[in-house]
Novice: 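Input: one structure, supplied below.
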Amino acid sequence: MTDTMTPEQRSRCMAAVKGKNTKPEIKVRKFLFAKGLRYRINNRRLPGCPDIVLPKYRTVIFVDGCFWHGHEGCRSYRLPKTNTDFWRHKINLNIARDYRVNVDLRLLGWRVIRVWECDIKSKNHTECLENLYRQIISKKAKTNYATDENASQLAAEQTSDYGKATLIT
């Protein structure tokens with residue numbers, strides 16, 4: 001199947017994909033602000049330029065898009081049928097970068113929480129946001145942020161297997 005757009009149209013379309021201030025990110029920020037949390041956004045001084053930085057809690061939050069960050073098992077994540085090798089490589093590089101950023105931030109003493117776009121867009125997004133809030137304000141620094149078996153709403157890296165990043169094959 002060939003592309004139905006001209007290269008100029010495709011370029012304009014891809015340029016419109018936002019990296020900051022996306023709807024899921026704004027929804028998370030509004031929720032946290034309503035709960036009384038104050039934060040900074042897109043702090044370029046930290047590795048990975050986190051979407052939300054909560055200095056008081058030494059916590060950073062990334063709101064990841066399911067396609068761009070390779071959310072396994074999500075219906076929003078599906079490799080395109082054309083140019084598959086290119087997209088697989090690009091998404092694998094994103095996954096590796098996310099892993100490296102998580103390690104760097106943890107070495108600097110920050111807690112890292114990753115939230116998937118599909119969880120914010122789902123019908124039970126309030127439950128996901130409440131879980132996120134509880135994890136932020138918890139006193140003890142957890143190493144595994146998704147400790148509950150039902151905590152699929154939050155995407156947190158595994159506590160073990162630091163040498164094994166999950167890549168798409």
Novice: For K35, which residues count as a salt bridge (Lys or Arg N to Asp or Glu O under 4.0 Å) partner, sequence neighbours excluded?
Specialist: E130
Novice: Please determine whether the number of non-hydrogen atoms from other residues, nucleotides or ligands lying under 6.0 Å from atom CZ of F86 exceeds 12.
Specialist: yes
Novice: Only counting residues at least two apart or in another chain, list the ones meeting side-chain contact (heavy atoms from CB on, under 4.5 Å) with S122.
Specialist: N124, H125
Novice: Nearest heavy-atom pair of Y57 and T59: which atoms, and what distance?
Specialist: O-OG1, 2.9 Å
Novice: Which of these passes side chain to side chain donor-acceptor pair (under 3.5 Å) with E25: R29, K27, K23?
Specialist: R29
Novice: Would I113 end up clustered with F33 when hydrophobic side chains under 4.5 Å apart are linked, directly or stepwise?
Specialist: yes
Novice: Run the side chain to side chain donor-acceptor pair (under 3.5 Å) test against K121 and tell me which residues pass, sequence neighbours left out.
Specialist: E117
Novice: Taking CZ in R40 as the centre, count heavy atoms belonging to other residues, nucleotides or ligands within less than 6.0 Å. Is the count above 12?
Specialist: no
Novice: Which residues pass the side chain to side chain donor-acceptor pair (under 3.5 Å) test with R100, sequence neighbours left out?
Specialist: none
Novice: Within a strict 4.5 Å, meaning less than it, do heavy atoms of the I136 and L32 side chains meet?
Specialist: yes
Novice: List the atom of D98, the atom of R114, and the distance in Å for their closest heavy-atom pair.
Specialist: O-NH2, 3.5 Å
Novice: Is there a side-chain contact between D51 and N42 in this structure, where contact means two heavy atoms from C-beta onward sitting under 4.5 Å apart?
Specialist: yes
Novice: Quick one: do R12 and E8 make a salt bridge, cutoff under 4.0 Å?
Specialist: no
Novice: To check you understand the geometry: which heavy-atom pair defines the closest contact between N43 and R45, and what is its length?
Specialist: OD1-N, 2.9 Å
Novice: Cation-pi check for F67 against R78: NZ or CZ below 6.0 Å from the six-membered ring centre and within 45 degrees of the axis, yes or no?
Specialist: no
Novice: Any side-chain heavy-atom pair from L79 and I91 closer than 4.5 angstrom?
Specialist: yes
Novice: Name all residues meeting the side-chain contact (heavy atoms from CB on, under 4.5 Å) criterion together with K30; count only those two or more places apart in sequence or in a different chain, and write none if there are none.
Specialist: I26
Novice: So, using salt bridge (Lys or Arg N to Asp or Glu O under 4.0 Å) as the criterion, who are the partners of R10 when residues are at least two apart?
Specialist: D3
